[in-house]
Protein chains: 2
Amino acid sequence: MELSSPFPMEAVAIEKQTLHDQVANRIRDLIIEGHLAPGTRIDETMLVEQLGVSRTPFREALRTLAAEGLIIIRPSKGSIVRKLTPQDVFSMLELLAHLEKLAGRLICERASDAQIDGLLKLHEEMLKRYREGDRLPYYKLNQEFHSRVSELAGNESLRDVQANIQARLKRIRFLGNSKPAYWDSAVAEHEQMAAALRKRDGEALGQVMAQHLMNTWDRVKDHI
Amino acid sequence: MELSSPFPMEAVAIEKQTLHDQVANRIRDLIIEGHLAPGTRIDETMLVEQLGVSRTPFREALRTLAAEGLIIIRPSKGSIVRKLTPQDVFSMLELLAHLEKLAGRLICERASDAQIDGLLKLHEEMLKRYREGDRLPYYKLNQEFHSRVSELAGNESLRDVQANIQARLKRIRFLGNSKPAYWDSAVAEHEQMAAALRKRDGEALGQVMAQHLMNTWDRVKDHI
DNA sequence: ATTGTATATTTTGTATACAAAATAAGGAAT
DNA sequence: ATTCCTTATTTTGTATACAAAATATACAAT
């Protein structure tokens, strides 16, 4: 069923940022870093004041964030930071599992040796952080690893969807790494990924990645 | 690897529409129905006049559409209707193939008999239109069929992503049904889906659906 | 004719102002 | 005290106004 992608990859141009974009980024960070907790009402007057912009770009930013699924706009009743139900998280992880399974298979077919090498380097970095017990850097490298796998799969839509879901799950997954035992098992799974990568065994890689994501459900489900 | 979803399905409330939403819907229709061709610049002054709204809700609608991938906002240079490159379409179909493969597997596990029956009824409807040569109604039922498969898979994220991609491909897929031979083969594939559905054979259903989508690439690729 | 440059016009981005809706506050009646 | 209703106050939605940027136009110099 698989077709090898008939298109090469290409670079993207850098665009200038409008106020709207900056505001969207700022709010996104506030949400992801937990300064705006899920369920919190988004106080326009306050935030507009705090960010020093007028309501027009601010509200445009809200539309963007709503479309991304980070907030919910209730007509005439204000916006709130979206609170993920267990159902939401499960469905996102289930989907992500399949997306990354696909990505895993595809990179083994499509990525260059150098690119695979880059992934393995990233993996080594992660291991180092793990051994030294540096949770935050590990976490960031982990995000980077998964993003890059999706990136290198050579399917832009896949990358976009993965990025969106990963962003929305960011906070929750961070919490999931709290228990040491959880971290150990996650690292073990990453070791398996690295092994599959070295062999360019797409089937195995996909399998491990999917399993990894479904295990993530077990690791995070009590934190919701 | 598969877990059966630990959550039941539930109904959703109906929300009132803001002006912004109405405008977004209107423009979406204009794009999907081809009144605003891909690549076309979106003339704010003209459309705002035509729709009888001010620029504020109009521009908010643009943000929403941009987040959905239907238009592209180039800062200070206006918005254009997004033109899909062959790469874009391929990547969307490749992804869609995997999403619907997953959906096919899941409905066989999770959907009720009545729901599967509903799908088969829809299929019969489609056949009738096919035999009578009514392309447009067939096309609409087809969209409905694929949407409902994703709906019944019981994974909200999957449904959302499928809906988004399907919407963006709407026009192009319509064009793909032009040649009679193409239509014949698409219907043949749908017959296979129905057969798998009747047996609740998720593996087979997923397989056919994925194949169906990859064949769609062949059916549409010359229309881009 | 072509290129370049200066000026006018249009288009886009943001702020403010006003209207409508929702929420909160203040009593009166039970 | 609790419920209901009425009236402020706040919050949200939309329109308009102004600023900045981009594009088009006109004209001169080569």
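Chain letters run A, B, ... following the sequence lines, proteins first and then strands; every chain starts at 1.
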Please confirm whether B/Arg129 makes a cation-pi placement over B/Tyr139, using NZ or CZ under 6.0 Å from the six-membered ring centre and within 45° of the ring normal.
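Here B/Arg129 fails the 6.0 Å and 45° test against B/Tyr139.
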Does B/Arg135 qualify as a cation-pi partner of B/Phe174, given the criterion of NZ or CZ under 6.0 Å from the six-membered ring centre and within 45 degrees of its axis?
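Yes - B/Arg135 lies over the ring of B/Phe174, closer than 6.0 Å to its centre and within 45° of its axis.
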What residues, two or more places apart in sequence or in another chain, satisfy ring pair (Phe, Tyr, Trp, His ring centres under 6.0 Å) together with B/His20?
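Scan of B/His20 (ring pair (Phe, Tyr, Trp, His ring centres under 6.0 Å), adjacent residues dropped) gives none.
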Quick one, A/Leu65 and A/Ile73 - any side-chain contact, counting heavy atoms below 4.5 Å?
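Counting from C-beta outward, A/Leu65 and A/Ile73 never come under 4.5 Å.
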Between C/dT12 (P) and A/Asp21 (CG): distance, integer Å
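For the pair A/Asp21 CG and C/dT12 P, the rounded distance is 16 Å.
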D/dT11 C1' sits how many Å from A/Ile73 CD1, rounded?
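Interatomic distance, CD1 of A/Ile73 to C1' of D/dT11: 14 Å.
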Validation: residues 48-57 of chain B side-chain donor-acceptor distances under 3.5 Å, sequence neighbours left out:
unit_1: B/Ser54; atom_1: OG; unit_2: B/Thr56; atom_2: N; d: 3.4
unit_1: B/Arg55; atom_1: NE; unit_2: B/Glu44; atom_2: OE1; d: 2.8
unit_1: B/Arg55; atom_1: NH2; unit_2: B/Glu44; atom_2: OE1; d: 3.3

Might you list the N or O atoms of the protein lying below 3.5 Å from N or O atoms in nucleotides 14-17 of chain C, with each pair's distance?
unit_1: C/dT14; atom_1: OP1; unit_2: A/Leu19; atom_2: N; d: 2.9
unit_1: C/dA15; atom_1: OP2; unit_2: A/Ser54; atom_2: N; d: 2.8
unit_1: C/dA15; atom_1: OP2; unit_2: A/Ser54; atom_2: OG; d: 2.7
unit_1: C/dA15; atom_1: O5'; unit_2: A/Ser54; atom_2: OG; d: 3.4
unit_1: C/dA15; atom_1: N7; unit_2: A/Thr56; atom_2: OG1; d: 2.6
unit_1: C/dA15; atom_1: N6; unit_2: A/Thr56; atom_2: OG1; d: 3.4

B/His123: side chain to side chain donor-acceptor pair (under 3.5 Å) partners, not counting sequence neighbours
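Expected list: B/Glu191.
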What pairs with A/Ser112 under side chain to side chain donor-acceptor pair (under 3.5 Å), at least two apart in sequence or on another chain?
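Once residues adjacent in sequence are excluded, the partners of A/Ser112 under the side chain to side chain donor-acceptor pair (under 3.5 Å) criterion are A/Gln115.
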Just checking, is any N or O donor in the side chain of A/Asp21 or A/Thr18 under 3.5 Å from an acceptor N or O on the other one?
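Distance-only check passes for A/Asp21 and A/Thr18.
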Among residues 35-47 of chain A, which residues get a heavy atom nearer than 4.0 Å to DNA chain C?
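DNA chain C contact set from residues 35-47 of chain A: none.
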